[in-house]
Protein chains: 4
Amino acid sequence: MSTNQSAAPDVTRRSERSRRAIYEAALALVVEVGYPRTTIEGIASRAGVGKQTIYRWWPSKADVLLEAFLDMGEQAAQAAGQVPYTIPDTGDLAADLRLVLRATVDELRDPAFEAPSRALAAEGVVNEELGRRFVARLLEPQLQLYVDRLRAAQDTGDVRPEVDPRIALELFVSPLAQRWLQYTGPITYDYTDTLVDYALNGLAPR
Amino acid sequence: MSTNQSAAPDVTRRSERSRRAIYEAALALVVEVGYPRTTIEGIASRAGVGKQTIYRWWPSKADVLLEAFLDMGEQAAQAAGQVPYTIPDTGDLAADLRLVLRATVDELRDPAFEAPSRALAAEGVVNEELGRRFVARLLEPQLQLYVDRLRAAQDTGDVRPEVDPRIALELFVSPLAQRWLQYTGPITYDYTDTLVDYALNGLAPR
Amino acid sequence: MSTNQSAAPDVTRRSERSRRAIYEAALALVVEVGYPRTTIEGIASRAGVGKQTIYRWWPSKADVLLEAFLDMGEQAAQAAGQVPYTIPDTGDLAADLRLVLRATVDELRDPAFEAPSRALAAEGVVNEELGRRFVARLLEPQLQLYVDRLRAAQDTGDVRPEVDPRIALELFVSPLAQRWLQYTGPITYDYTDTLVDYALNGLAPR
Amino acid sequence: MSTNQSAAPDVTRRSERSRRAIYEAALALVVEVGYPRTTIEGIASRAGVGKQTIYRWWPSKADVLLEAFLDMGEQAAQAAGQVPYTIPDTGDLAADLRLVLRATVDELRDPAFEAPSRALAAEGVVNEELGRRFVARLLEPQLQLYVDRLRAAQDTGDVRPEVDPRIALELFVSPLAQRWLQYTGPITYDYTDTLVDYALNGLAPR
DNA sequence: TAATAATCGAGACGGTACGTCCGGTCTTTTC
DNA sequence: GAAAAGACCGGACGTACCGTCTCGATTATTA
């Protein structure tokens with residue numbers, strides 16, 4: 001008699017038009033009014049979509065935003081011609097790291113990026129399950145690039161072989177992350193250059 | 001967002017009993033049901049207090065919690081006899097840092113501490129004003145202790161004199177912070193010991 | 001005072017079940033705890049209904065009660081087989097009027113009728129808009145019956161032809177109304193019989 | 001230790017200044033914002049008086065207004081030189097009644113009189129205790145004047161001796177009262193003149 | 001090509017919490 | 001000891017969203 005709400009919906013019939021509209025509405029609202037004032041009803045109304053269409057496909061506001069944000073990244077990547085993303089290896093480790101970190105600094109200042117990623121990070125701090133998903137889908141792939149570059153540096157002898165690259169990368173990345181997340185200090189090229197300087201010394205052979 | 005503070009209330013007439021009850025209720029609820037399900041109404045009801053008594057003195061749930069958390073810290077400090085808090089200086093910088101970071105690891109695992117500070121951190125990520133207040137009142141005083149200890153280390157020649165201690169401390173502290181905030185990795189004594197090892201190498205004279 | 005009626009709700013989708021439950025709850029509460037202590041929240045809770053469902057369809061507590069009361073009248077009328085309501089015409093005007101007024105006396109003493117109609121009358125005294133609606137929907141139809149009967153009496157020569165029946169009826173009805181509304185005197189069959197006696201003399205041909 | 005709130009306050013120490021200010025504030029507010037939006041806090045604030053000063057001397061908003069209204073009447077009476085109030089007796093009963101009723105029509109239209117007396121009447125409809133007090137203090141004295149005049153008319157043979165004046169007066173007064181209270185019809189000199197005409201016929205000897 | 005079935009836009013529904021207002025009590029200080 | 005001031009607990013106000021639930025109207029297979 002009644003529709004079984006718990007039965008998984010039929011993905012093949014899903015409206016692509018609605019999905020895109022929801023992504024756009026979610027991202028736009030987070031930028032415009034902030035995450036806490038972004039509501040499911042607001043997203044639905046702005047996307048010209050029924051509320052149920054959101055609840056059918058996502059369990060929460062945060063999940064909508066996470067997918068919207070990932071999609072935005074993929075769109076941007078495709079638009080950019082999308083060389084398989086890596087940290088350059090010019091042979092000069094310090095220079096390579098400085099470059100990547102400077103690029104990250106730029107990204108952290110782009111409002112279209114900042115608003116949703118801050119929202120997701122905040123949600124993740126208090127919601128472990130989502131936090132882990134956020135890390136796995138967004139952060140970890142980025143960090144893996146550092147692991148790769150540092151391993152290459154170990155091969156060339158620029159970094160001590162017994163160093164764990166997964167921990168070592170945090171010396172560069174985490175300070176920047178904390179400054180950004182918690183407003184513990186200004187975020188500048190100078191700052192990230194200094195981080196590379198200090199940290200690399202600790203990793204280099206003695 | 002904030003209550004109409006028409007004609008600021010008379011602080012001298014404030015009920016100390018209510019203030020304490022509100023702090024306790026807020027902290028208990030955050031631990032028991034989590035921050036998002038902690039409501040002003042819930043705090044008021046648990047504290048046996050009218051809602052207006054909360055709105056009279058605090059502009060938001062986050063502000064209540066911030067003060068409650070600060071108060072908890074002060075209470076704990078007083079109870080502990082309250083040595084003026086510093087990082088020990090045994091002459092062995094690495095050992096001293098390892099000790100403090102291990103203590104921080106312990107603290108991060110105490111639920112009575114973890115729940116409210118996570119909640120405040122999360123709120124701060126998305127609410128810059130509160131974030132800065134959180135840092136100024138809670139984080140920065142802690143970080144200053146590292147600055148002091150590192151400066152002492154510069155005096156004894158254990159750290160290069162041109163190093164900026166405010167940045168250097170982030171090599172130890174931020175990786176731990178990020179792992180905690182974002183679940184990017186396990187938090188253990190081994191891990192913090194390793195951080196001290198890697199980072200100190202970068203700061204030591206060559 | 002009234003809810004933001006932005007985009008009037010869709011009447012075809014209205015829940016009949018909720019509407020009935022709200023009527024019953026409103027009437028019951030007015031009888032049980034009195035009008036001033038009858039609250040929208042109380043009605044909603046007793047009816048097992050969200051507050052918004054009340055605010056969506058009625059602008060105020062008084063409007064809920066007015067409709068509930070009208071509905072009660074219609075229900076009662078249907079149950080009673082619903083002879084088209086008129087004042088009897090036995091040829092004896094005095095007897096007919098005495099009968100109707102005695103019936104009104106009975107009605108005014110029925111608590112299920114008294115509580116809500118008193119509440120509505122009181123509200124109407126102080127709120128002209130509602131007062132006029134109360135009169136138009138409830139009182140005026142009753143008064144019209146008197147007009148009809150008095151006109152018939154004019155045809156048979158029992159009442160002077162130049163008398164305005166709309167005013168004449170007030171000689172019978174208003175004294176009773178005022179005694180009821182303002183507790184200015186006891187309400188008995190004797191009293192209404194006396195009214196008919198005094199007033200009819202004034203209307204009869206000299 | 002604590003002040004006994006239930007002990008009757010010492011009337012000799014009562015502040016006349018506050019009493020007057022409360023009367024004026026209550027009447028002004030009822031005229032300006034209406035009875036339902038007139039609050040004890042509003043009266044206190046406007047009168048420059050503490051809330052407790054009101055609660056000490058009056059049990060409710062309606063009681064404040066009742067006394068304020070009675071006081072207003074007394075003030076007006078004193079100002080008007082105030083011969084002991086009666087209905088004139090020129091020998092022409094109909095003329096005398098027309099005159100008084102026309103004066104009442106004027107009074108009912110004066111906003112300074114209408115707002116508070118409507119408020120009190122409304123409250124009295126739903127609150128029997130106050131209603132009876134309202135009648136005893138305000139209405140009944142007025143009605144007694146009609147009783148007196150009608151008795152005089154019985155002495156001169158203008159009214160049948162077996163007529164009960166307390167009921168007879170309602171033929172003139174109640175229709176006007178109901179029109180005013182319930183907006184059941186326009187209130188004009190013509191109307192009251194007609195009432196006198198119709199009703200007097202019923203009371204006159206046959 | 002028509003029947004069938006699921007998604008869709010829309011929005012009413014039972015709820016919960018919001019932030020405000022006011023009722024009536026209590027406490028402090030002033031007169 | 002009354003009065004001005006106003007904090008306090010309580011509770012209702014009217015609003016905003018939550019997540020669920022119908023309701024036609026598409027829309028896309030399946031018969």
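Every chain is numbered from 1, with letters handed out A, B, ... down the list of sequences.
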5' priority, DNA chain E, between C:R14 and D:K61 [closest heavy atom]: C:R14
Sub-4.0 Å heavy-atom contacts from residues 31-43 of chain C onto DNA chain F, ordered by number: C:T39, C:I40, C:E41
Whether over 12 other heavy atoms sit under 6.0 Å from A:R14 CZ: yes
Crowding at CZ, A:R20 (>12 non-hydrogen neighbours, <6.0 Å): yes
Sequence neighbours excluded - salt bridge (charged side-chain N to carboxylate O under 4.0 Å, His left out) pairs with any residue from residues 41-50 of chain B: B:E32-B:R46, B:E41-B:K51
Note, B:L65 side chain near B:L27 side chain (heavy atom, < 4.5 Å): yes
A:W57 vs E:dC8: side-chain N/O to OP1/OP2 distance below 4.0 Å: yes
Rounded distance (Å) that lies between atom C1' of F:dC9 and atom CZ of B:R19: 19 Å
Presence of donor-acceptor pair under 3.5 Å, side chain of D:K51 and base of E:dG24: yes
Distance in angstrom units between A:I54 CD1 and E:dG11 C1', rounded: 14 Å
CZ/B:R137: more than 12 non-hydrogen atoms of other groups inside 6.0 Å: no
Evaluation steps, side-chain contact (heavy atoms from CB on, under 4.5 Å), between A:L66 and A:W58: CA-CA 10 Å; A:L66 177 53; A:W58 294 276; over 6 Å; no
Atom pair distance, as rounded to whole Å: CH2 in B:W58 and P in F:dA7: 14 Å
Short side-chain N/O contact to E:dG14 OP1/OP2 from C:S18, under 4.0 Å: yes
Phosphate OP1/OP2 of E:dG9: any A:T53 side-chain N/O under 4.0 Å: yes
Spacing between C:D10 atom CG and E:dG9 atom P, to the nearest angstrom: 18 Å
Test item: C:E67 and C:W57 side chains (from C-beta on) under 4.5 Å apart, heavy atoms: no
Residue B:V49, side-chain heavy atoms: nucleotide from F:dA3, E:dC13, F:dC9 that is nearest: F:dC9
Protein-nucleotides 25-31 of chain F N/O pairs closer than 3.5 Å?
unit_1 : atom_1 : unit_2 : atom_2 : d
F:dA28 : N3     : A:R13  : NH2    : 3.4

OP1 or OP2 of E:dA12 under 4.0 Å from side-chain N/O of C:S15: no
Nearest-angstrom distance from the residue atom OH of B:Y55 to P of F:dG10: 16 Å
Side chain proximity check, D:Y35 to D:L29, heavy atoms < 4.5 angstrom: no
Whole angstrom value for the distance that separates C1' of F:dA4 from CZ of D:R17: 11 Å
Short side-chain to backbone donor-acceptor contact, C:K61 and C:T39, under 3.5 Å: no
Any side-chain heavy-atom pair of B:L120 and B:S117 under 4.5 Å: no
Atom pair distance, as rounded to whole Å: CZ in A:R56 and C1' in E:dA10: 12 Å
Nucleotide E:dA17, atom P - distance to CD of B:Q52 in whole Å: 18 Å
